[in-house]
Novice: 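Here it is: the structure, laid out below.
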Amino acid sequence: MDLNEETRPFTGAALRFLGLLLAAVLTMWPTAARASAPPAVVPVGRAVGIKLFSDGVVVVGTSDVATESGSVNPAKACGLKEGDIITHINATEVDTIEEVSALLQELEGETMSIRAIRDDKQVQLTAKAALCSADGSYKLGAWIRDSMAGIGTVTFYCPETGAFGALGHGINDADTALLMPLDSGSILPATVAGVEKGKAGDPGQLHGVFDTDSILGLLSANTDGGVFGTMSDGSWAQGAPVETALRGEVEEGEAVILCNISGDRVDEFAIRIEKVFPERADDCRDYLLRVTDPRLLEATGGIVQGMSGSPILQNGKIVGAVTHVLVDDPTSGYGIYVGRMLQQCEY
């Protein structure tokens, strides 16, 4: 789960990238048939590039602004907090760092209203940007984020609807740990260029590159069970559809996962489902997994960042996806039940 995150202050003058490898999950079926007839889907397991643009801008921190009369922090003074999602300045909707910066310069320190989302509730604040003595621009003293990008793995594709999904868990902001609000996004062709093997205390990761000139599909949702959307080129997701397991059909014992750990080749590796947990509404960790395949252990050390969303198959059916690794034991991790992901997909 290594994702490049774009972070800049309100002026848009600074930029830093972090990493988060993503992975994918997909599905869709009629609401009335969810309990008894989940759809047949194509297990994919291929790497993709993922770009996500936020709905509003996320406050990830605050800092002082140096002015001629001393240091001030307008963001903190007006009540902005880490994790707030700014959606409007005065009556203008803002979704990018550039839009925020342009408005601050236009207002030239005049009193302005800030509309933000905090804990799923709307808050209204009043602030004045400060004139920075170092570069002559107006700043609010807040660091904000408006986008994320990285490498991930597609879990499955529904040929009847074109739906796809990602991760098996949501894309969260690295600084605030909050689910990123999705405005738009896409998946792009990608290849895995190398592997950093996992070890106790360091789970390792896949390294890859993606093609920014091509788009495979568009994102429509970022949820705690994955990211979902519609694929424009279904031929990319090669393979035959398989049945989707009902929750009661999943059992402790042998299973396999499909992983893309080199180039764009997908291989099948043996694992064991050590424990099937009771269904919990507030926890997407449905299985405890252990890698048993010597080839995967030799290549990666077990589960590494970037394998989240690798499809899990048992008895010829897709039962879920890999989601997390145990930091102290990279041979083990957690998985999510496929039906949970299907329920969170935007139909």
Novice: For the pair Thr323 (side chain) and Tyr334 (backbone), establish whether a donor and an acceptor sit closer than 3.5 Å, ignoring hydrogens and angles.
Specialist: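 Side chain of Thr323 to backbone of Tyr334: a pair is present.
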Novice: For the residue pair Asp135 and Ser137, confirm or rule out a side-chain donor-acceptor distance under 3.5 Å.
Specialist: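 Result is yes, a qualifying pair exists.
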Novice: For residues Val57 and Val123: do they belong to one hydrophobic cluster (side chain heavy atoms under 4.5 Å, members Ile, Leu, Val, Met, Phe, Trp, Tyr)?
Specialist: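 No, Val57 and Val123 fall in different hydrophobic clusters.
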Novice: Applying the side-chain hydrogen bond (donor to acceptor under 3.5 Å, both in side chains) test to Thr223, which of Gln343, Arg340, Gln344 qualifies?
Specialist: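 Going through the options one by one, the only one that passes is Gln344.
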Novice: Take a 6.0 Å sphere around CD of Glu274 and say whether it holds more than 12 heavy atoms from other residues, nucleotides or ligands.
Specialist: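 Atom CD in Glu274 is crowded, with more than 12 foreign heavy atoms closer than 6.0 Å.
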Novice: Would you say the side chain of Val319 lies within less than 4.5 Å of the side chain of Leu313, judging by non-hydrogen atoms?
Specialist: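 Counting from C-beta outward, Leu313 and Val319 never come under 4.5 Å.
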Novice: Over all heavy atoms of both residues, which pair between Ile261 and Ala299 is shortest? Give the atoms and the distance, please.
Specialist: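 Closest approach of Ile261 to Ala299, heavy atoms only: CD1-CB, 3.9 Å.
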Novice: So does Asp329 get a backbone contact from the side chain of Ser332, meaning a donor-acceptor N/O pair under 3.5 Å?
Specialist: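 Side chain of Ser332 to backbone of Asp329, a donor-acceptor pair under 3.5 Å: no, none is there.
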Novice: Looking at Arg295 and Asp267, does any basic side-chain N land under 4.0 Å from a carboxylate oxygen?
Specialist: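 No, Arg295 and Asp267 are not salt-bridged.
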Novice: How long is the straight-line distance from CZ of Arg46 back to OG1 of Thr191, given to the nearest 0.5 Å?
Specialist: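 If I round to the nearest 0.5 Å, the distance is 10.0 Å.
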Novice: Do Trp143 and Phe53 belong to the same hydrophobic cluster, where Ile, Leu, Val, Met, Phe, Trp and Tyr are linked whenever their side-chain heavy atoms lie under 4.5 Å apart, directly or via other members?
Specialist: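 Per the 4.5 Å side-chain linkage, Trp143 and Phe53 are not co-clustered.
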Novice: Listed by chain and number, what are the salt bridge (charged side-chain N to carboxylate O under 4.0 Å, His left out) partners of Arg285, not counting sequence neighbours?
Specialist: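 Asp283.
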Novice: Search all heavy atoms of Val44 against all heavy atoms of Ala237 and return the closest pair with its distance.
Specialist: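 Residues Val44 and Ala237, closest heavy atoms: CG2-CB, 3.8 Å.
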Novice: Is it the case that over 12 heavy atoms from other parts of the model lie below 6.0 angstrom from the CD atom of Glu243?
Specialist: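 No.
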Novice: Given 3.5 Å as the limit, does a donor-acceptor pair link the side chain of Gln105 with the main chain of Tyr138, or not?
Specialist: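 Present.
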Novice: Spell out, as yes or no, whether a donor-acceptor pair under 3.5 Å connects the side chain of Ser232 to the backbone of Leu216.
Specialist: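 Indeed, once roles are kept as given, a pair shorter than 3.5 Å links the two residues.
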Novice: In this structure, would Ile97 and Leu107 fall into the same cluster of hydrophobic residues linked by side-chain contacts under 4.5 Å?
Specialist: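 Both belong to a single hydrophobic cluster.
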Novice: Donor-acceptor check, side chain of Ser220 to backbone of Phe228, threshold 3.5 angstrom: yes or no?
Specialist: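 Confirmed, Ser220 side chain pairs with Phe228 backbone.
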Novice: To the nearest 0.5 Å, tell me how far Gln205 CD sits from Met307 CE.
Specialist: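 Rounded to the nearest 0.5 Å, the CD-CE separation comes to 13.0 Å.
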Novice: Please report the interatomic distance OG(Ser186) to NZ(Lys51), rounded to the nearest 0.5 Å.
Specialist: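 Ser186 OG to Lys51 NZ: 5.0 Å, rounded to 0.5 Å.
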Novice: Please check if the side chain of Thr331 supplies one atom and the backbone of Gly302 the other of a donor-acceptor pair under 3.5 Å.
Specialist: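 No, Thr331 side chain to Gly302 backbone: no donor-acceptor pair under 3.5 Å.
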Novice: Looking only at heavy atoms, what is the nearest atom pair of Asn222 and Gly170, with distance?
Specialist: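 Heavy atoms of Asn222 and Gly170 come nearest at OD1-CA, 3.5 Å.
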Novice: Hey, mind stepping through Val304 and Val325 against side chain to side chain contact (heavy atoms under 4.5 Å, CB included) and telling me if it holds?
Specialist: CA-CA 7 Å; Val304 298; Val325 60; over 6 Å; no
Novice: Taking the side chain as everything from C-beta on, heavy atoms only, tell me whether Leu218 gets closer than 4.5 Å to Thr230.
Specialist: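 Leu218 vs Thr230: side chains apart.
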Novice: Any sub-3.5 Å donor-acceptor pair from Asn172's side-chain atoms to Ala177's backbone N or O?
Specialist: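 Yes.
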Novice: Look up atom CD1 in Ile271 and atom CD1 in Ile303, then write down how far apart they are to the nearest 0.5 Å.
Specialist: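 The CD1 atom of Ile303 is 7.5 Å from CD1 of Ile271, to the nearest 0.5 Å.
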Novice: In Å and rounded to the nearest 0.5 Å, what is the CG to CE distance from Asp286 to Met341?
Specialist: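 So the CG of Asp286 and the CE of Met341 are separated by 9.0 Å.
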Novice: Step by step, work out the side chain to side chain contact (heavy atoms under 4.5 Å, CB included) result for Met112 and Leu140.
Specialist: CA-CA 11 Å; Met112 60 185 173; Leu140 199 55; 3.7 Å; yes
Novice: Is the shortest side-chain heavy-atom distance between Val58 and Met180 below 4.5 Å?
Specialist: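 Of all side-chain heavy-atom pairs linking Met180 with Val58, at least one is under 4.5 Å.
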Novice: Check whether any side-chain heavy atom of Glu251 lies under 4.5 Å from a side-chain heavy atom of Asn315, and answer yes or no.
Specialist: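 Answer yes - side chains close enough.
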Novice: Quick check for you: to the nearest 0.5 Å, what is the distance between Leu131 atom CG and Lys139 atom NZ?
Specialist: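 Going from the CG atom of Leu131 to the NZ atom of Lys139 covers 10.0 Å.
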Novice: Could you tell me which non-hydrogen atom of Ile89 sits nearest to which non-hydrogen atom of Val100, and how far apart they are?
Specialist: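 What the structure gives for the nearest pair is CD1-CG1, 4.0 Å.
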Novice: Quick one, Trp236 with Val48, criterion side chain to side chain contact (heavy atoms under 4.5 Å, CB included). Give me CA distance, side-chain angles, the key distance, then yes/no.
Specialist: CA-CA 11 Å; Trp236 177 88; Val48 291; 3.4 Å; yes
Novice: Any salt bridge linking Lys121 with Asp119? Criterion: basic side-chain nitrogen under 4.0 Å from a carboxylate oxygen.
Specialist: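 Judged by the 4.0 Å cut-off on N to carboxylate O distance, Lys121 and Asp119 do not form a salt bridge.
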Novice: Please output the side-chain donor-acceptor pairs of residues 197-204 that fall under 3.5 Å, not counting sequence neighbours, one pair per line with the distance.
Specialist:
{"residue": "Lys197", "atom": "NZ", "partner": "Glu298", "partner atom": "O", "Å": "3.0"}
{"residue": "Asp202", "atom": "OD1", "partner": "Gly204", "partner atom": "N", "Å": "3.3"}

Novice: List the residues meeting side chain to side chain donor-acceptor pair (under 3.5 Å) with Asp55, not counting sequence neighbours, and say none if there are none.
Specialist: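 Side chain to side chain donor-acceptor pair (under 3.5 Å) list for Asp55, sorted by chain: empty.
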Novice: Could you check whether any side-chain heavy atom of Ser54 comes within less than 4.5 Å of a side-chain heavy atom of Asp146, counting everything from C-beta outward?
Specialist: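 They are in side-chain contact.
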Novice: What are the two closest heavy atoms between Gln314 and Glu249, and how far apart are they?
Specialist: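 Reported closest heavy-atom pair: OE1-O, 4.2 Å.
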Novice: Shared ILVMFWY cluster between Val256 and Leu297, side chains joined below 4.5 angstrom?
Specialist: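 Same cluster: Val256 reaches Leu297 through Ile, Leu, Val, Met, Phe, Trp or Tyr contacts under 4.5 Å.
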Novice: How far apart are the closest heavy atoms of Gly150 and Phe210, and which atoms are they?
Specialist: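 Nearest pair, atom of Gly150 first, then Phe210: O-CE2, 3.7 Å.
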Novice: Given side chain to side chain contact (heavy atoms under 4.5 Å, CB included), test Val192 with Ser262 step by step and report yes or no.
Specialist: CA-CA 5 Å; Val192 177; Ser262 178; 5.7 Å; no
Novice: Are the side chains of Leu182 and Leu52 in touch, meaning some heavy atoms are under 4.5 Å apart?
Specialist: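 Touching, per the 4.5 Å side-chain cut-off.
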Novice: Is it the case that one hydrophobic cluster holds both Leu179 and Val227, taking links as side-chain heavy atoms less than 4.5 Å apart, direct or via other members?
Specialist: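 Cluster IDs for Leu179 and Val227 differ.
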Novice: Donor-acceptor check, side chain of Asp293 to backbone of Phe269, threshold 3.5 angstrom: yes or no?
Specialist: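 Not confirmed, Asp293 side chain does not pair with Phe269 backbone.
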Novice: Should we say atom NZ of Lys76 is surrounded by more than 12 heavy atoms from elsewhere, each under 6.0 Å from it?
Specialist: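 No, not enclosed.
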Novice: Tell me if a side-chain donor or acceptor on Asn260 pairs with a main-chain N or O of Arg265 at a distance below 3.5 Å.
Specialist: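 Yes.
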Novice: May I ask you to decide if Val250's main-chain N or O and Tyr287's side chain share a donor-acceptor pair within less than 3.5 Å?
Specialist: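 No, the answer is negative, given that no donor and acceptor are paired below the 3.5 Å cut-off.
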